[in-house]
Each structure stands twice: as structure tokens, then as C-alpha cells.
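Protein chains get the first letters and strands the later ones, always in sequence-line order, with residue 1 at the start of each.
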2 protein chains.
Amino acid sequence: MATRKADHRPTRGRPPKLSRDVICDAALSMLAEQSAASLSLRDLGEFLGVDPTAVYRHFADKDDLLREVGDRALAPAIRGLVPTDDPGEDLARLCLALRRTLLRNPVALNLTSIGPTRHRNELRITEVMLDAFLRAGLSEDDAVIGYHVLIEYTLGSALLDAPLAAQGSARTQTYRQWRSDYAALAPADYPASVRVAKRLYPPSDQVFQVGLRTLIDGLTT
Amino acid sequence: MATRKADHRPTRGRPPKLSRDVICDAALSMLAEQSAASLSLRDLGEFLGVDPTAVYRHFADKDDLLREVGDRALAPAIRGLVPTDDPGEDLARLCLALRRTLLRNPVALNLTSIGPTRHRNELRITEVMLDAFLRAGLSEDDAVIGYHVLIEYTLGSALLDAPLAAQGSARTQTYRQWRSDYAALAPADYPASVRVAKRLYPPSDQVFQVGLRTLIDGLTT
DNA sequence: ACCTGAACACCGTTCAAGT
DNA sequence: ACCTGAACACCGTTCAAGT
């Protein structure tokens with residue numbers, strides 16, 4: 001059991017200033033205000049009042065740190081989630097919460113470029129989704145496929161929306177610009193695009209709901 | 001029309017060594033061997049036999065360059081694509097080709113973090129997809145939603161697979177490791193995960209096909 | 001045991017100067 | 001008109017030294 005529990009066992013020297021917990025908390029609070037890419041270990045060190053390289057006593061490298069920070073950012077996605085007797089509804093609620101969480105704090109999207117972390121929150125999300133598919137009556141093989149499909153879709157949606165979500169209220173203006181770009185294309189070359197240009201970029205939540213319902217309905221029946 | 005055609009009009013001085021075309025070709029051939037993140041303007045300059053900062057005469061910044069390079073990398077996704085009288089089949093073929101292209105050269109995945117580029121290949125892909133949904137009988141609003149959903153899913157799938165595709169044959173070993181990680185979890189806390197651990201990570205092409213068919217069927221009927 | 005500080009090997013980008 | 005080269009303001013990471 002417990003592969004690595006002794007992270008800070010009682011030592012005799014002066015108490016350590018830092019720990020994985022303290023460092024992650026600091027990184028998370030910094031990431032609430034700036035983008036994930038712009039977080040440097042030097043800034044983090046300054047924020048903690050510590051030499052920039054002190055972090056290396058607790059994490060192997062920046063990726064290691066971002067993996068753990070990303071998993072922490074996932075916490076709100078499963079907080080307070082209680083299974084009902086409608087597995088399809090459970091899946092929808094989890095995916096909606098996951099997407100909302102990812103858009104609020106895109107650090108967790110970095111996880112996609114690294115692969116599974118097998119940290120706590122990620123594991124719990126996997127468990128809840130697999131359980132729901134199994135309760136819906138799917139075979140083990142189909143439950144696994146359904147799980148991968150829903151994760152791919154939910155992360156893909158959050159990923160494409162993230163840069164816009166960061167724009168806040170300027171978002172509407174950006175959409176207006178993009179629509180007029182499409183409307184200005186040569187109709188001979190891009191007939192369908194020009195035709196629907198005015199309707200491109202509907203509210204992204206609505207798009208996600210349609211895709212999500214389509215997948216859940218199609219996968220669980 | 002042609003907003004900016006005069007990229008290299010006949011000049012009187014010595015012929016320019018560089019052009020957007022030449023630079024993009026160089027970047028693409030370098031990216032065939034290394035990852036997108038590891039491409040530096042200094043390496044690119046050396047490859048071109050030119051000062052590292054010469055690129056700034058032709059592109060505003062690195063993002064500008066990567067946008068155009070990314071769009072070029074998309075070319076194989078629509079090359080030789082001819083619409084049939086089965087729009088659903090056209091959509092499936094395009095998404096499969098797009099995913100294959102993205103996995104072969106993940107530069108284009110960078111586009112997701114920037115937003116639409118409105119470069120040539122991206123525009124063509126959008127046009128083909130919107131056209132197919134309209135031919136399938138969807139309303140303009142529904143066609144737009146279908147387009148967004150399929151793009152989100154296809155990019156999400158490619159994004160999650162990309163790091164593994166880069167591993168090549170080591171991939172099988174990685175999957176084996178991950179499966180045994182899940183199998184080793186506490187069954188009391190992760191019953192579903194432990195139960196299906198041996199079946200996690202089926203061939204990712206198969207997962208994608210299931211999700212893709214589910215979406216296309218559900219969206220076009 | 002944990003943190004510091006100098007150092008290494010890099011980045012993207014700007015701008016005055018050359019031709 | 002286009003390219004060069006020095007310079008600026010950064011990076012992540014290593015490692016010997018301190019306490």
C-alpha cells in the first residue's frame with residue numbers, strides 16, 4: 001500500500017519551509033491570475049520568498065510540478081458529485097462540470113500533452129465515468145471505449161474554448177470579427193461558409209451540450 | 001480581392017534569400033524530425049544559413065510563423081478528397097484523414113491554442129464539413145453546431161493521442177504499464193477501474209471510429 | 001535535510017548598423 | 001529592401017557550497 005507516504009516525516013533539523021503542498025498552493029494561486037505557459041519557476045520562487053531552485057528539492061522538474069498542480073485544479077469537477085440511478089445523467093453532469101473546471105483554470109489542460117498522471121482527482125474522474133457506463137449496462141469493453149470517447153470530446157471542447165474563455169467579455173467582439181471574415185470569403189470558392197457565416201460561433205456551451213447528449217445517448221443504448 | 005499578393009514583387013536590389021514560402025518549407029522539414037515545442041528560431045536560422053533574426057523580416061513573430069506552418073501541415077487532410085452522394089461518409093472520411101494528418105505532424109495541433117487561422121487549408125476543411133452537413137439536410141444552425149462538435153471531437157482525440165503516437169513502438173509498453181497501474185489500485189476505492197483495468201487503452205483508432213460514427217449518426221438524423 | 005547562489009546553456013525579440 | 005549582429009530580458013536546470 002501507500003507507495004510514498006513519508007513526504008515530511010518528523011525531522012530533527014529546522015523545519016522545512018517548503019513542501020509539495022505549499023508549492024502547489026502557491027502555483028495554483030498564481031495561475032488564477034496568469035496563464036499556465038507564463039508561470040516561471042523564478043516567479044514562483046519569488047512568490048514563495050525562496051530561491052528559485054528550491055523547488056527542485058520537492059519536484060523532479062517543472063513537468064512533475066505541473067502534473068500535480070493540474071490534478072489539484074481538477075478537484076472542483078468531482079466535488080459534491082453523487083451518483084443517481086440515471087447513469088447517463090451522471091455522465092452528463094460530470095462532463096459538464098469537468099469542462100467548466102477546465103475553462104476556469106486551464107492548467108489542467110496541460111495534462112493532455114503529458115498523458116495520464118494517475119493522481120487523485122484524475123483517478124476519481126475515471127472511476128466515476130467507468131462506473132456509470134457499467135451501470136448503464138455496457139460491457140467492459142464498451143465501457144472503456146465510452147470512457148475514452150467522452151474524455152476526448154470534453155477535453156477537445158475545453159481546449160478549443162480555452163483561449164476565448166480567457167478573453168472574457170472581449171469574446172463577443174472576437175466572434176463578430178470572425179463571422180465577418182467568413183462572410184467576406186469568395187462565394188464561388190466557399191459557398192457553404194459564406195451562407196452560414198452569420199450563424200458561425202453559437203454559444204459554445206450550447207454546442208457542447210449537443211455533442212455531449214449525442215454521444216451519451218448513442219453510447220449508452 | 002487578393003488582400004496581400006505582392007509578397008515578392010520584382011525588386012531592383014539583390015534578390016531576397018528568404019520568403020514566407022522558403023521559411024515555412026524549412027520549418028516543416030525540421031518539424032518532421034523534432035517536436036514543435038523544440039523548434040527555435042535560432043535553429044531555423046542555422047538550417048537556412050541565415051541570421052536567426054532574419055525571419056522577422058517576413059513574419060511578425062513566432063506565432064505568426066507557426067500559424068502558417070500549421071496550416072501547411074493540414075494539406076494532406078483534404079488532398080484528393082472528393083464529395084460523394086453520402087454526406088455522412090464524406091464527413092467520416094474527412095475527420096479520419098484530419099486525425100491521421102494531425103498525428104503524423106502535430107504542429108497543426110498548436111493551432112488549437114491560438115484560435116482559427118483562416119489560412120487556406122483550414123478554410124477548405126471548414127467549407128467541406130459545412131457543405132456536407134447542409135447536404136445531409138440539416139438547417140444552417142444545426143450544420144454549424146455539427147461542424148463545431150466534429151472539430152472538437154477530432155482535435156480532442158488527436159490531442160490525447162499525439163504524445164503516444166510520438167512514442168512509436170514503445171507505445172505498447174506504455175499501455176502495459178498504465179494498465180498495471182490501474183490494476184494495482186485499491187479495489188475498495190476504485191472498483192470499476194480495477195475491474196476493467198486489463199481492457200483499458202484499446203487501439204485508439206478503434207475508439208475514435210466509435211465516437212465518430214456515434215456523432216455523425218446522431219447529428220445527421 | 002534543506003536551501004542558496006553562481007553558473008550553464010539556452011530562449012524570443014528589438015534595433016541600430018551594414019550592404 | 002533585406003540581412004546582420006549585438007544586446008536585452010528572460011528561461012529551466014545543475015551542482016557545489018552553506019547551515
Side-chain angles (χ1 to χ4, degrees), chain A residues 4-27 30-31 33-70 107 110-111 113-114 163, chain B residues 4-27 30-31 33-70 107 110-111 113-114 163:
Chain A
R4 203 197 328 172
K5 72 136 62 111
D7 239 308
H8 32 13
R9 102 186 71 187
T11 50
R12 214 50 59 90
R14 58 170 175 214
K17 292 179 178 179
L18 262 36
S19 68
R20 289 176 76 102
D21 276 358
V22 168
I23 295 169
C24 283
D25 285 348
M30 294 183 72
L31 286 166
E33 282 158 29
Q34 32 177 308
S35 92
S38 70
L39 175 77
S40 74
L41 294 182
R42 281 167 162 88
D43 289 347
L44 183 58
E46 191 181 9
F47 185 92
L48 285 161
V50 125
D51 190 88
T53 65
V55 172
Y56 286 89
R57 291 301 112 206
H58 301 87
F59 292 94
D61 52 24
K62 197 184 180 184
D63 255 19
D64 188 20
L65 168 62
L66 285 181
R67 249 190 293 273
E68 189 148 329
V69 171
V107 221
N110 286 8
L111 300 182
S113 58
I114 309 176
Chain B
R4 202 196 329 169
K5 70 136 64 107
D7 238 307
H8 32 12
R9 102 186 74 184
T11 51
R12 214 50 59 90
R14 57 168 175 215
K17 291 180 177 179
L18 260 39
S19 69
R20 288 175 78 100
D21 275 359
V22 169
I23 294 170
C24 284
D25 285 349
M30 293 183 72
L31 286 166
E33 282 157 29
Q34 32 176 309
S35 93
S38 71
L39 175 76
S40 75
L41 294 183
R42 282 167 161 88
D43 290 347
L44 183 58
E46 192 181 9
F47 184 89
L48 285 160
V50 125
D51 190 89
T53 65
V55 172
Y56 285 90
R57 291 300 114 204
H58 300 88
F59 292 93
D61 53 23
K62 197 184 181 184
D63 256 19
D64 188 20
L65 169 62
L66 284 182
R67 249 190 294 273
E68 188 149 330
V69 171
V107 221
N110 287 7
L111 300 183
S113 58
I114 310 177

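- Residues passing the side-chain hydrogen bond (donor to acceptor under 3.5 Å, both in side chains) test with A:Glu46: none are found, sequence neighbours excluded.
- Regarding contacts with the backbone of D:dC3, a side-chain N or O of B:His58 is found under 4.0 angstrom from either OP1 or OP2.
- The salt bridge (charged side-chain N to carboxylate O under 4.0 Å, His left out) search around A:Asp25 returns A:Arg72, not counting sequence neighbours.
- Put simply, the side chain of A:Leu18 does not reach to within 4.5 Å of the side chain of A:Arg57, judged on heavy atoms.
- Partners of B:Asp51 by side-chain hydrogen bond (donor to acceptor under 3.5 Å, both in side chains), not counting sequence neighbours, listed by chain and number: B:Thr53.
- Considering only residues two or more places apart in sequence or on other chains, B:Asp64 meets the salt bridge (charged side-chain N to carboxylate O under 4.0 Å, His left out) condition with B:Arg20.
- A stem is defined here as three or more consecutive Watson-Crick or G-U pairs, each with both distances under 3.5 Å; for DNA chain C these stems are C:4-8 with D:12-16, C:12-16 with D:4-8.
- The phosphate of C:dT4 (OP1 or OP2) has a side-chain N or O of A:Lys17 nearer than 4.0 angstrom.
- In this structure the side chain of B:Leu65 reaches within 4.5 angstrom of the side chain of B:Leu41, judged on heavy atoms.
- One distance of note links CZ of B:Phe59 with CD of B:Glu68; it measures 4.5 Å at 0.5 Å rounding.
- Each of B:Gly49 and A:Ser38 was assigned the nucleotide of DNA chain D with the nearest heavy atom; the assignment lying further toward the 5' end belongs to B:Gly49.
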Set out, line by line, the N/O atom pairs under 3.5 Å between protein and nucleotides 12-14 of chain D.
from	atom 1	to	atom 2	distance (Å)
D:dG12	OP1	A:Lys62	NZ	2.8
D:dG12	OP2	A:Leu41	N	3.1
D:dG12	N7	A:Arg42	NH1	2.5
D:dG12	O6	A:Arg42	NH2	3.0
D:dT13	OP2	A:Tyr56	OH	2.6
D:dT13	OP2	A:Lys62	N	3.0
D:dT13	O5'	A:Tyr56	OH	3.0

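- Between A:Glu46 atom CD and D:dC10 atom P there is a gap of 11 Å when expressed in whole angstrom units.
- Per the geometry, CZ belonging to A:Arg57 stands 16 Å off P belonging to D:dG18, to the nearest Å.
- Across the P atoms, C:dA9 and D:dC10 are found 22 Å apart, a figure rounded to whole Å.
- Taking the side chain as every heavy atom from C-beta outward, A:Cys24 and A:Asp21 never approach each other to under 4.5 Å.
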